[in-house]
Each structure stands twice: as C-alpha cells, then as structure tokens.
Amino acid sequence: MKTTYRDAVRLGLREALQADPRVFLMGEDVGRYGGAYAVSRGLLEEFGPERIRDAPLSESSFVGAGIGAALGGMRPIVEVMTVNFSLLALDQIVNNAATLHHMSGGQLSVPLVIRMATGAGRQLAAQHSHSLECWYAHVPGIRVLAPATLEDARGMLGSALRRPDPVVIFEHASLYPVEGELSDDAGAVDLERAAVRREGGDLTLITYGGSLGKALGAAAELAHDGFSAEVLDLRSLRPLDVGTIVESVRRTRRAVVIDEGWKTGGLAGEISAILMEQAFYDLDAPVARVCTAELPIPYAKQLEDAALPQVDRIVTAARALLPRR
Amino acid sequence: MKTTYRDAVRLGLREALQADPRVFLMGEDVGRYGGAYAVSRGLLEEFGPERIRDAPLSESSFVGAGIGAALGGMRPIVEVMTVNFSLLALDQIVNNAATLHHMSGGQLSVPLVIRMATGAGRQLAAQHSHSLECWYAHVPGIRVLAPATLEDARGMLGSALRRPDPVVIFEHASLYPVEGELSDDAGAVDLERAAVRREGGDLTLITYGGSLGKALGAAAELAHDGFSAEVLDLRSLRPLDVGTIVESVRRTRRAVVIDEGWKTGGLAGEISAILMEQAFYDLDAPVARVCTAELPIPYAKQLEDAALPQVDRIVTAARALLPRR
Amino acid sequence: MTELAPPTAASPAQDAAASHQLELLRTMLLIRRFEEKAAELYSAGKIRGFLHLYIGEEAVATGVMQALNPEDAIVATYREHGHALARGVPPGAIMAEMYGRANGCSRGRGGSMHLFDLSRRFYGGYAIVGGGLPVAVGLGLADRLQQRRRITACFFGDGAVAEGEFHESLNLAALWDLPVLFLCENNLYAMGTALDRHQAQTDIARKAQAYSVPSSAVDGMDVVAVEAAAREAADRVRRDGRPYLLELRTYRFRAHSMYDPDLYRTADEVERWKQRDPLVLLRARLESRGAPPAEQLAALEREVDGEVAAAVAEAEAGAPEPVEGLLDDVCAERPR
Amino acid sequence: MTELAPPTAASPAQDAAASHQLELLRTMLLIRRFEEKAAELYSAGKIRGFLHLYIGEEAVATGVMQALNPEDAIVATYREHGHALARGVPPGAIMAEMYGRANGCSRGRGGSMHLFDLSRRFYGGYAIVGGGLPVAVGLGLADRLQQRRRITACFFGDGAVAEGEFHESLNLAALWDLPVLFLCENNLYAMGTALDRHQAQTDIARKAQAYSVPSSAVDGMDVVAVEAAAREAADRVRRDGRPYLLELRTYRFRAHSMYDPDLYRTADEVERWKQRDPLVLLRARLESRGAPPAEQLAALEREVDGEVAAAVAEAEAGAPEPVEGLLDDVCAERPR
Ligand SMILES: Cc1ncc(C[n+]2csc(CCOP(=O)(O)OP(=O)(O)O)c2C)c(N)n1
Ligand SMILES: Cc1ncc(C[n+]2csc(CCOP(=O)(O)OP(=O)(O)O)c2C)c(N)n1
Ligand SMILES: [Mg+2]
Ligand SMILES: [Mg+2]
C-alpha cells in the first residue's frame, strides 16, 4: 500500500496496542490533540484515554513514570515531543532506565520504549532542532534506533516492545510526510543489522534517519560521474552493527559518514574511530565526516540550510576521497 | 608552596571573589557545609551568605538562575555537585546558556562559569560516577575545561571568568586530595592550548583530567621498555587544541587516547576521528582508545577497577602499536 | 480593582484615564492587526517555522506592560509578539525577524519564538516551556546582589505550571527575596490539553501558597483590570523586594500554532470567549462613557494599519543575513 | 491517633499491642545495631563508597512498613538500610551488598545506596535526590492500569521537596488517581542545608494542597504514632486509589554521610533530639506499662546482636563477583 512515514508509525502503534494489553502510549498531547506531529491521531478514539494518555508538561516525571510502569509489568511507549525536550528527562533515562537492571544485580528490568522526534530543517531555530542521538548512543543499558524507512517506522516499534530493556526510537521530523510503499504484511523487523540501501563498490556513505535521503541523493549524483557509492543505513545507533560497517568499508576502502548532529563529539566521529581501529589498513583515504556546523540552529532558511548536511556537501566530501576521473 | 588540588581550586575561588565584586559562588552546600568535596570551606565566613550562596536541591533552576544573573551583570560561579546531577540542568545549559548569544543575534551574552566534579574510582556506583565531559564538549556556544594540575585548578577559574561566554569546568573528584607544588605567583592560565606534560617521540598518549596521572604512569612504564611516550593533556575539551594534537601525532606517528568516559560515542573517538582526518598519512598504526567499559559503574572494587582505564590497559594498548623490542 | 468612575461630566482625571485607555486600545489593536498580518504572511510562506498567535490575549501583555518601567526586565515565551510590541520593540524589527532578515530584532537567528531587544531589556522569547522562569530568577538575583530597585516580569503559560522549574523557581525567588513578578497567562490550554487535564488543582494562584508567595488572579480579558492588578503586584514586588504570582485568566482565539487543527475544543467554546474579546470589551467601556468619537477610532485603525504595513515593508526590504557570517554569533568571544 | 489504653490490667488486645510493640522495638534495634556495625566496618575499610546512616530515624521506616502488605511496592533513597531491614530484606544480603559481594542483594553492583529485593517488591535505593518519585508514580500507574488493589510507598527527604520532580510527581499522581503513598522523611536538613534555608514554606504537608492531595504530618520519633498515621494513610490510598502525602518529622543523629564533618548544626541541637531517640521513647512507653521485663529486653538485644554478627559473617564469607562477569548485567537481553 501507498502510505506515509507518519502513518507507518501510527500503524506500528495500533498494531502494538492491539497485540498486547500491557502496551499503552503516554506523552504530551498524544490524545485529544492527536500528537504534535499528528502521529497518534485517531488512537484516543480507538483505545481510550487510559491507554492513550495525555501527560502534563512534566517530561522528567512522565518519562520516569514510564520506567515505573515498565517495572510494574506494563509495556509503556512514552512519547517525548522532541529530543530537545528530552533534556528535561535525561536524568530519568540515564540514571534510572539505563542503570536499574545493572544496579539491581539483574533483578529489575525496564521494558520501556521512548519515542521522540529529532532533527532540523523546518526553521524551528535553536531550541527545536537538535539531533542528540549521539548522546543516547553513548549510554550503556539502552538500545537506540533510528528508522529511516516506512518499514522500519512501522516495524521497529513492535520489535522494540519485545525487548526487555529500554529502547529509544528517534523519528526525524522531516520524514513524517514522506510517502512510500509499505507491504501489507510488513511486520517485526530485525533490530541488529545495518542495511545496505544501495550497493556500490567505490566508497561507502554511512548514515541514518533523516540523512538517508540526502546520502542516496549524493550517491545518485556520484553515479553520474561514474562512481558507485554504497549507502549504509545504520538503523541501530546502539549497539552499532560494527560488522556490516567494517565489511563494507574494507571492500570499498573509502567512507563518508553523514550525521545531522554537530560534528565535534558526534556519532560520525565514533564511526570514524571504529574504522580507524578496524579498517585502518584497508583504507585508501581518511574517513570523512559531513555533519552540522558548530552552531545553534539558526532560524533563517539560508542559514539553516548552510548549517546542515546537504547533498552537495556530501558529494564534495566524497569526491575529495575518490580518484579523479 | 606545597598544597592540594582542592586547596588550589579554593585559592582560585578566593582570588576571583576578591578581585571582582560581581563574582559569587552558588550551589548546593557550598556555604555552611563547606562544599561536598570541602572545596569551598571557609569561604562563607570570608565572603558572607550573599556571595557564597547555598542553593536548595533545584539543579535546573539554580543553574538557570546563574544564566539570568550573568545576563543581569554578575559573574556567577555555579557549582553543580557532580556531573551526574547536572543532567537535571542540561536543558538550561544546552537550550539557554549555549544559545542565548546566538538566538539574540549577538545581543545577549552569558558570562557564566559552571564547575562540577566528575569521574569514578571511589566506589560510588552507577548514579555517582559518570564522566560526561564528551556531552558538554559536543555543544557549540560553551567552552569546556578540565584542569588536571594544581596550576590549572587554580588558574582556569580566573581565566574562565574573564570570558564573555559560558564555561564549564570539570574537576575529577579523585584529584581533590592530590598534593603538589604551586608557585605563589601562579595566576591566570591560557585556556586555548593543550599541554605537553611529558615529551617523547615514539607515541603520543592523549588524555585529560583524572586520567593524566594514569597516562604519565603508563609513559613511565613504557620508558622501562625503552619507548618514549609523549603525554598530552588536552586541558580544553571545547574547543580542542587540534593544532597541538595533530602536530604531536604527526611527529610520533602513533597515538593512544585515554578517556574515562564510556568508549562508544565518547571524546576519545572524536580525537581519533580528528587524527583520521588530519594525520592519516602520517600514522604508522591506527589510533587506539582506552576508555571505560560499556556498563554503568559497578560498586564492587574489583568490578569498578576493571571497568575503568588503568595503567596496565594503557601500556597494553600502547605496546600493541609499537614495534617489538 | 478597577478605577472606573460613574459616567458623569468628564473631569480632568477622567480625561486622562480615557486617553490612557485609548492608548491601551491602540496597543491591543496593533497586536491584533500585526498578528492577523503575520498569519496571512505565514500562509503565503513568507514566515516559516512555528508561529504562535496571541490573538485574544492582548489585554494581558498590554495591561502588564503599563506597570513596568524602562529599567525593568521582561522574560517571555514563544508566544511573545504581543509582549514585544507592547514593550515598544519596533514592529518592523519583529516582522523582519519573522522573515529571517538582517534587520530583524534577533538578526534572523531567532524567528518568531526568539525575539530579543536588549535595549528595552526584553530578554527574549523562550521556547522550552518553563525554561524562562529560572532565567528570570537569575535576573532578579542580579538586581538583589547589585541592590537595584528594579523588577523582572516573567510571563509563562498554564502549561508551564506543571513543569518542575515552576516549582523550583518560585521557591528560589521566595527563599532569596527576589524581585520577580511571575505572570501566569492561563488560557486554559497547554496545546490541546485542557487545564483540568494537566493540573490536579486548577487554581493556579493558590499554588503560590506552597512557597509563601503572595498571589492573585485577574480577568485577563479586561485590560483595565489587568493594568490595575499588575500595578498593584509590580509595586508590591518593587517595594518588598519579594516575588508575586499574578494569574491572568485569558483565552486564545486561534489555534495553538499554525500546525494545530484545533480538534480539542468546540467552536462553541471559542465563540463564547470571543464575546469577551478584550478589544470589544475596552471599546464598549469607552463607548459607555460616550468617548471616543467614531472618527477617532477610525483614525486609530488607519494608523495601526499603516504601522503594520510599514513593518511588512521594512521586513520585505530587509537584507538576508549572509551565509558567510554563519559562525559569527556562536560565541561572544570571537575566535582568534 | 494512637491506640494506647490507660495502664490497667492487661486485656488480650493490650497483650497483642505490647507484643507488637516489642516487635517494633526489635526492628528498630536491628536497624540501629546494624548501622552502628556498618559505621565501624566503614572505618575499617570493609565498606566503601558513600554510607548514609539512618540512626535516629528508625521509627519512620519501622512504623510505615507495618502499614504495607507484601504485595505493596517500596521506593526508597540512598539512606535505605532501615527500609530494607524493616521490609524484611535479609541483613546478610544487605551487609554482603555493602561488602560488594556476590551474595549481596544487588550482587555487589549497587552498594549501600542501591539495595534491591524484587521478591519483596523493594524497588530500590535511588541516589539522585527526587529520582525515585516518578518511578513510584509509574508503579502506581501500572497498578491502576492493571486494576490491582495495591499501593506504592515512596520515601524521600525534605531536600527532595525542592526538586521539580516532587512537584511534577505529586501532580501526576493526583491527576491520574494513582495509589501512591508519598512519605517525606523531614529530618530538617538536606546535607548541611537546614529546612528553612531550602524551603520558603517549611510546612511540607501543606504543599500537598497545591495538588489537591490529602496530607498530614506526624511525629517521626514515635513509632507507634508513625504506624497509626501510616495505616490511616495507606488505607486511604488503598481505598480511594488516590495519593496521600505523609510528612514524618524526624532527625538524623549522625552526619549526612561518612564524609560529612557536620559543621552546620550544633552539638546541642543534636543532643536535644537525642532526648527523643525513638528507641528510648518506645522503651519508655513499654516500661510505663510495666512491660516487658528486663530479661526479655536483654534477650532481644542479644538476638539482634547475633543477627548482626551473622550478617557480617555472611558478608565476610561472600565470594567477590568475578571480573569476567563485568558486562553481564548491563542489559536484560543477553548479547547474542
Ligand atoms: C519542555 C517543553 N515541552 C513541550 C513543548 C511543546 N509545547 C510548546 S507550547 C506547549 C504548550 C504550552 O502551554 P502553555 O504553557 O499553557 O502556554 P500557551 O501555549 O497556552 O501560551 C507545548 C506542549 C515545549 N516547547 N517545551
Ligand atoms: C539531584 C541530586 N543533587 C544532589 C545530590 C547530593 N545529595 C545527596 S543527599 C543530599 C541531601 C538530600 O537531603 P534530603 O532529601 O533531606 O534527604 P536526607 O539525606 O536528609 O535523608 C544531597 C544534596 C544528589 N544525590 N542528587
Ligand atoms: Mg496555555
Ligand atoms: Mg533531610
């Protein structure tokens, strides 16, 4: 069927709510309003206010309540409107959700799914445009996912709910209106492996989430010049599928990592460091990074565009690694 | 004079309070209690409760109040007891302190210094042992410092207060009792440059803060085997002194980065990625990382020791890069 | 709390009051027309990002600003066009900001949610709900430490009351005797969540008791009542050097933002509130006293329309910020 | 609120009450002796990290636990040896945890601040002040959603009241009708900061009004009063399925932690509070009624000493966790 990323996420939510009475959705404006990004529209009518639970503006406490509800036998899906607001809940996520299993010597576990929108590109300026996936990917004890396709948007949720540990799912806000095909029987997806979204032999473009489209765009441009770029979608940001990353780059011998986070201390650096450690002798050129410029995201369109990774910047970075043709 | 790191920080505080009436210290238990790590003991008696201001347990709001006070013409030093608790204040730091200058088109500036203890090694378990310097170092708009020596413990504070932007200073909690010499006329220090703490030509050990001692220990061991390791103390974690890092590694052609943060997505990866980009063709071996194992810090001593970077792990990592002798 | 006299022959004091009220009307009208225009320009794609309209709530910012002196500070939210206009930030600078232009009051970096004007001590729009309260506390602390007799006015919504920072900030301000006037714009909704679905106790003013902070509530649709209550509160903060919480009961006529399909309340409810449109109320109040003549009102409308048109022209004429300056305003300290 | 009858000839009910009170004494004594021993072992370097003693506050955990059923849940702080002991977590498992041994109740991962015993629904010690409250709210939410008639007891200190999570959590619990019993252990200090220097309004129970949560305060040094108040509060939570805030006024006799030089209060103040030592008070209460005989008390002391000695022996005998298992308990899902 033809549908959108937004509807695919909603489908995943509906399926999860139908499949397991322990599942409920909780967050700001998920019910009456229908979700800040209209993701949960209609779910309140279908599942009622106990299971589609509107929360007050209290990020720390409703995320913490998600932890407690998971401890108490439920399978909560907590929606934090965007990653920017999740800073208010980081204490609960890092100090409680990620540690309780360990601190209790394995007694407690926290089967909690936290969904949040992420990313820039809609002129929302410096307090609504972060990409802090790398922070979450730094924390042992949680799993971090970034669905870039409709299948993953729908399927990762169900797969995440089957895990006994906290899972954080990042949905890039600019993907919600993206249209595509989704097979009717699409269901649970694997959470472990990165996906090759385009095969190629001359270099590897490594990315995830909202930047996948840009990487594919860059690969298409490079193809005009006769270079075949492999495009890798990380899918899982923690744990990283190091095997697939390293295998691809060993083969192509060149890599550009594209990541909408700020460059310094971001996820792209981690991938580069892994390649340093595990593919150093196979590299024909240093791994390059295309990330967001080091500034709070500005409102004005031309400034925001200049700050973010774009197809032309990816192509330029790739060309610099490739032999002249 | 012979003194401790703790007393050096206190000296820096006293000098700052004496030098500028706009400076004040605010945080939990900085006054009557004398500071959780006894850093501010005696200051309340000297400067009174208005300038040595005990705050309630309200991290988000007293850090935010520091931002507002800086906007209002003061030069606040806010102490957050440890980096673990700073998660509660991250929204204020990232969304306000780091953005206000930019969002206001350059009108506002936030000359705020935030000090916090960091690090593990004292069996305080999973909620009191983080090293999240890398998160702060990811954020444009703030400066991040990590004094590893007595001079820096004393001098960085004064230098930080002279800057018009927010500065976060990380003091590794295990350093407070460390003794050393401090010259009487030690004063303001440069905040831009990394420091070579030991010169060497065979490889570079890159580190900062609480791990400097371990790196120096490893360098001493390596010297027994006839290898001369250069030890670089980053000092400033944002901005990084890329010039000094790259110059050293281009010369030694090998590097190990030691960082008490978790490995994945940590600061060591950033250094490795920078060396990938700027020293790839000069490297004789891939840059190695010695970081904290990927788990919440456990309480039991042998487990905590095993989780953290230690001299023997650094030596092993270094040896693996070096030719056999 | 109002100062209305019965409608008899006009005394000089009454004349002054009437002309002041005409000024209030003018400010509210400017906000109304400015935002109607902004909504239009948003649909036309000239303004982007989030746009939160204040239409319906004009009496709050307008009334409160009367009680503030030029040396007082203001902290506002993402719904702050009205506050900026009422404070005297030039409409052209605001409109240009929403266009993302170099002549915008935040040089195009902030947009609608982040208006700043340091020269008027307008410390900006904060778009993390609750995030402005601690900053206001800090401004108050700076004033206390510098022994200045000025106050900080901090606006926030009913939704912000649920955030921990509300609680922490009121406690800090009270504990430390800080001259902060907390102004809760209770428009009965936090996005689509009605007050009684986000607050177990819906009497917001009463919550101040938990911090020994004096408080009161006022009809936020009646600008004269708002001004009187704000003056009383601001005077008290100034005199005692202690915080005060004023709850302003109001309503937004438009959706939360331009993205909001407004499904969570009935058209009927909105209509009922529109009966209490602050502009209509004030006009009625003026008219009930025979003033002002229709032509005066028409002139005022024309003036305001002209001002809005001029603001748009200024924005249209503004230069885009050059991309080369992208990294200019990250730090106050310029990289060496 | 107490159930004491005048001291006449003992009825069966009085006998039962007396023997119950002897049980309370036993529990409080166990906490006291266990912690005195822990302090000793800390000085000897057997226990490391932070150690927060509950000495002086024993009546609180002991009294409250009487009101809880086995199916109820408990959320505590880093100062939770007393709560764990009163809940029936074996002293040996707690001591072994503080030794960091494999037979510790958290397998050596948690230490003194992070005791857990899922089999007793002891959901642990939380060491980020205020961090346990949202978790307790969530446990209550799970019970509500699963329509279970059990409650969650959430302990926290007076210092935690300043944190935003206190405010958010009470609102959530009240708004959503959750069966959570909030228990504020007001020992007048948050580390070195006295109550009136961290709270603008020092009447904590009263703050519950801001959330329409019923509340009361009780003398936390009188275990009989604590039990009665806790029973009333717990019954009410169980019956109404709504939260309740009980403030327990108490005092810690020891320093905040073993690192604390205790400079912020006078020896005199501590001495005055020691006059109201909960063990002394209960003993006096028992003695005033002629019971129990001295030899019974002596036997009880001996028993408790034996239990503590056995706990130490168990800890000493515990195996250290093998370093090879370092990464075992990071995720519940085992890496493939
Ligand atoms: C911390 C945080 N959470 C969520 C949001 C998204 N959001 C923006 S405005 C809003 C509602 C705020 O309501 P209120 O405080 O009543 O102000 P109003 O919009 O009614 O003026 C929400 C949920 C946000 N900006 N910040
Ligand atoms: C968020 C946070 N801030 C600071 C600390 C350090 N700290 C530990 S206990 C404590 C005082 C807490 O006081 P209270 O809540 O009254 O509990 P008490 O220790 O008196 O039992 C402080 C400041 C912490 N653990 N967590
Ligand atoms: Mg509102
Ligand atoms: Mg206390």
Side-chain angles (χ1 to χ4, degrees), chain B residues 27-38 40-42 44-45 49 53-62 64 81-82 84-89 91-92 120-130 173 176 262 292-308, chain D residues 47-50 78 97-102 104 106-114 125-131 157-166 189-195 197-200 256-257 259-265 320-331:
Chain B
E28 289 158 15
D29 290 303
V30 295
R32 298 264 182 119
Y33 188 96
Y37 295 97
S40 48
R41 193 165 297 161
L44 174 67
E45 292 69 22
R53 183 169 290 266
D54 279 324
L57 279 139
S58 306
E59 282 79 3
S60 191
S61 291
F62 72 72
M81 226 179 248
T82 89
N84 317 276
F85 315 150
S86 79
L87 297 190
L88 292 162
D91 167 57
Q92 286 295 329
R122 297 168 313 130
Q123 290 192 249
L124 300 183
Q127 295 188 333
H128 279 73
S129 304
H130 297 102
Y176 289 125
W262 292 303
T292 289
E294 308 268 326
L295 79 161
I297 305 294
Y299 165 71
K301 179 156 177 48
Q302 76 281 8
L303 297 180
E304 184 181 41
D305 284 348
L308 300 177
Chain D
I47 298 174
R48 307 290 294 269
F50 282 154
Y78 46 87
E97 185 56 33
M98 301 208 279
Y99 270 63
R101 297 288 160 87
S106 307
R107 291 203 15 250
R109 265 73 178 166
S112 159
M113 298 196 287
H114 304 300
Y126 293 75
I128 305 294
V129 171
D158 52 298
V161 171
E163 291 281 7
E165 286 180 330
F166 167 85
Y189 288 88
M191 276 185 70
T193 305
L195 181 63
R197 292 191 306 112
H198 70 74
Q199 291 297 321
H256 168 73
S257 76
Y259 283 91
D260 171 12
D262 214 339
L263 303 171
Y264 45 81
R265 52 185 194 176
E321 272 287 307
V323 165
E324 296 65 44
L326 185 66
L327 297 175
D328 276 359
D329 286 325
V330 183
C331 291

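Residue numbers begin at 1 in each chain, while the letters A, B, ... track the order of the sequences.
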Worksheet entry | Side chain, backbone, both or neither of D:D329 within contact of chain B (heavy atoms, under 4.5 Å) | neither

Worksheet item: Between B:P296, B:S61, B:A38, B:S58, which has the largest tally of heavy atom pairs under 4.5 Å with chain D?
Response: B:S58

Practice prompt. Look at D:E321, D:R101, D:R197 and state which one has the largest set of heavy-atom pairs under 4.5 Å with chain B.
Written response: D:R197

Worksheet item: Just wondering, do D:H198 and D:Y189 contact through their side chains at under 4.5 Å, heavy atoms?
Response: no

Item to complete: Check each atom of D:M113 against the heavy atoms of chain B and say whether the ones under 4.5 Å are side chain, backbone, both or neither.
Response: side chain

Discussion item. Between D:L195 and chain B, with a heavy-atom cut-off of 4.5 Å, which part of the residue counts as in contact: side chain, backbone, both or neither?
Written reply: neither

Discussion item. With rounding to the nearest 0.5 angstrom, report the CD to OH distance, B:Q127 to D:Y126.
Written reply: 8.5 Å

Worksheet entry | Under 4.5 Å from any heavy atom of chain D - which part of B:L87 | neither

Discussion item. Please identify, among B:E294, B:R122, B:Q123, the residue contributing the most non-hydrogen atom pairs under 4.5 Å to chain D.
Written reply: B:Q123

Fill in: For chain B, the option from D:V330, D:L263, D:I128, D:D262 that forms the most heavy-atom pairs under 4.5 Å
D:I128

Discussion item. With heavy-atom distances below 4.5 Å as the criterion, would you say the side chains of B:R32 and B:L44 are in contact?
Written reply: yes

Practice prompt. Please state whether the side chain, the backbone, both or neither of D:A160 comes within less than 4.5 Å of a heavy atom of chain B.
Written response: backbone

Worksheet entry | Contact class of B:E59 relative to chain D, heavy atoms under 4.5 angstrom | both

Item to complete: For D:E97 and D:G108, indicate whether the former's side chain and the latter's backbone hold a donor-acceptor pair under 3.5 Å.
Response: yes

Item to complete: Check whether any side-chain heavy atom of B:R41 sits under 4.5 Å from a side-chain heavy atom of D:P261, and report yes or no.
Response: yes

Item to complete: Examine D:H114 together with B:Y299 and report whether their ring centres are nearer than 6.0 Å.
Response: no

Item to complete: Would you mind reporting whether B:I297 and B:L308 have side-chain heavy atoms less than 4.5 Å apart?
Response: yes

Item to complete: Pick one of side chain, backbone, both or neither for D:Y78, based on which atoms fall under 4.5 Å of a heavy atom in chain B.
Response: neither

Worksheet item: Are B:H130 and B:N84 close enough that a side-chain donor and a side-chain acceptor fall under 3.5 Å?
Response: yes

